[in-house]
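Chain letters run A, B, ... following the sequence lines, proteins first and then strands; every chain starts at 1. Excluded from the calculations below are hydrogen atoms, water molecules and symmetry mates; all remaining heavy atoms, backbone and side chain alike, are included. All figures in this text were calculated on a predicted structure; none of them were measured in a lab.
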Amino acid sequence: MNFYKQVYKIVKTIPAGKVMTYGQIAGLISTPRAARTVGFALRASINYQDIPWHRVINSRGLISIINPQITKKIQAQLLNKEGVQIKIIGNNYYIDLKKYLYQP
DNA sequence: AAGGTGACTAACA
DNA sequence: ATGTTAGCCACCT
């Protein structure tokens, strides 16, 4: 099975109002160190609309997206729309992992 | 086949 | 407490 598919499969299981981290997803695929590759997979996945890529953030609960088309602001709005509280700290968007992290 | 790159992390200064 | 540095794994050229 493709690494990408694994990532997509897991991301799809994240319920609305919850989030997961890159490292966590990598861990579920049993390659805990491949967090970067998870991000890579997600960047490509934005083209497929059925993947809630916006529910994936970094280990500190910050949005680390670097996409000119899909900005942090957009992601923050999407999450907020699903009921996730976003704390805006400077130019960063912070999410309370203790509250919103999804763990199967 | 080999090296460069990145939506990450954890460890250090 | 912020800012850097160095590993990591899969993908692309």
Side-chain angles (χ1 to χ4, degrees):
Chain A
M1 195 168 231
N2 272 351
F3 192 87
Y4 273 34
K5 286 200 171 185
Q6 301 259 13
V7 174
Y8 301 154
K9 190 174 173 186
I10 292 173
V11 172
K12 282 185 188 172
T13 65
I14 307 174
K18 294 283 182 181
V19 297
M20 274 184 103
T21 69
Y22 298 99
Q24 189 183 4
I25 293 173
L28 290 176
I29 306 177
S30 57
T31 10
R33 313 283 171 148
R36 308 191 75 151
T37 312
V38 173
F40 200 85
L42 280 181
R43 172 154 74 66
S45 80
I46 292 185
N47 304 319
Y48 311 93
Q49 293 86 352
D50 55 330
I51 298 178
W53 53 268
H54 54 273
R55 296 183 193 145
V56 183
I57 56 185
N58 71 15
S59 65
R60 296 177 199 155
L62 291 168
I63 296 178
S64 22
I65 201 167
I66 296 186
N67 190 308
Q69 301 185 357
I70 311 294
T71 64
K72 298 177 180 176
K73 192 184 294 182
I74 305 284
Q75 180 167 8
Q77 287 178 355
L78 286 170
L79 288 171
N80 193 30
K81 201 171 172 184
E82 296 180 343
V84 177
Q85 297 275 350
I86 310 285
K87 296 180 184 177
I88 303 168
I89 302 177
N91 290 336
N92 295 111
Y93 294 82
Y94 175 74
I95 295 160
D96 190 352
L97 288 179
K98 304 222 170 190
K99 204 169 181 183
Y100 298 109
L101 183 63
Y102 172 63
Q103 352 201 18

Over how many whole Å does the gap from [X] atom [atom1] to [N] atom [atom2] extend?
| X | N | atom1 | atom2 | value |
| --- | --- | --- | --- | --- |
| Ile29(A) | dA10(C) | CD1 | P | 9 Å |
| Arg60(A) | dG3(C) | CZ | P | 11 Å |
| Asn2(A) | dC9(C) | CG | C1' | 14 Å |
| Gln69(A) | dA7(B) | CD | P | 14 Å |
| Phe3(A) | dA7(B) | CZ | P | 15 Å |
| Asn58(A) | dC8(B) | CG | C1' | 8 Å |
| Ile14(A) | dA7(B) | CD1 | C1' | 14 Å |
| Ile74(A) | dA7(B) | CD1 | C1' | 15 Å |

Which one of Leu79(A), Val84(A), Ile57(A) satisfies the side-chain contact (heavy atoms from CB on, under 4.5 Å) criterion with Tyr100(A)?
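Only one option passes, and that is Val84(A).
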Only one of Val7(A), Ile51(A), Asp50(A), Val56(A) passes side-chain contact (heavy atoms from CB on, under 4.5 Å) with Ser45(A); say which it is.
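Only one of Val7(A), Ile51(A), Asp50(A), Val56(A) forms a side-chain contact (heavy atoms from CB on, under 4.5 Å) with Ser45(A), namely Ile51(A).
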Shared hydrophobic cluster, Ile10(A) / Phe40(A) (ILVMFWY, side-chain heavy atoms < 4.5 Å):
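Same cluster: Ile10(A) reaches Phe40(A) through Ile, Leu, Val, Met, Phe, Trp or Tyr contacts under 4.5 Å.
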Look at the side-chain heavy atoms of Ile, Leu, Val, Met, Phe, Trp and Tyr, link any pair under 4.5 Å apart, and say whether Ile46(A) and Val19(A) land in one connected group.
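In one cluster with Ile46(A): Val19(A), yes.
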Quick one: does Asn80(A)'s side chain have a donor or acceptor within less than 3.5 Å of a partner on Gly83(A)'s backbone?
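Judged by distance alone, no pair lies under 3.5 Å.
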Classify Ile70(A) by what it touches in the nucleic acid, base, sugar-phosphate, or nothing, heavy-atom distance under 4.0 Å.
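The residue Ile70(A) makes no contact with any strand.
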Asn67(A) near the nucleic acid: base, sugar-phosphate alone, or nothing, with a heavy-atom cut-off under 4.0 Å?
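Asn67(A): no heavy atom of the nucleic acid under 4.0 Å.
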Give, for atom CD1 of Ile65(A) and atom CD of Gln75(A), the distance between the pair rounded to the nearest 0.5 Å.
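If we round to the nearest 0.5 Å, Ile65(A):CD1 and Gln75(A):CD are 5.0 Å apart.
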Take Lys72(A) and Asn92(A), measure what side-chain contact (heavy atoms from CB on, under 4.5 Å) needs, and give me the verdict at the end.
CA-CA 8 Å; Lys72(A) 298 177 180 176; Asn92(A) 295 111; 3.3 Å; yes
Among dC11(C), dA10(B), dA7(B), the one nearest Trp53(A) by side-chain distance
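Taking heavy atoms from C-beta onward, the closest nucleotide is dA7(B).
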Quick check on contacts: within residues 31-43 of chain A, what sits under 4.0 Å from DNA chain B by heavy-atom distance?
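Contacts with DNA chain B under 4.0 Å: Ala35(A), Arg36(A), Thr37(A), Gly39(A), Leu42(A), Arg43(A).
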What residues in residues 89-104 of chain A put a non-hydrogen atom under 4.0 Å from any atom of DNA chain B?
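Going residue by residue through residues 89-104 of chain A, none turns out to have a heavy atom under 4.0 Å of DNA chain B.
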CG/Asn91(A): more than 12 non-hydrogen atoms of other groups inside 6.0 Å:
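No, CG of Asn91(A) has 12 or fewer neighbouring heavy atoms, counting only those of other groups under 6.0 Å.
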With the side chain counted from C-beta on, respond yes when Val38(A) and Phe3(A) share a heavy-atom pair under 4.5 Å apart, and no when they do not.
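Side chain of Val38(A) against side chain of Phe3(A), heavy atoms only: contact under 4.5 Å found.
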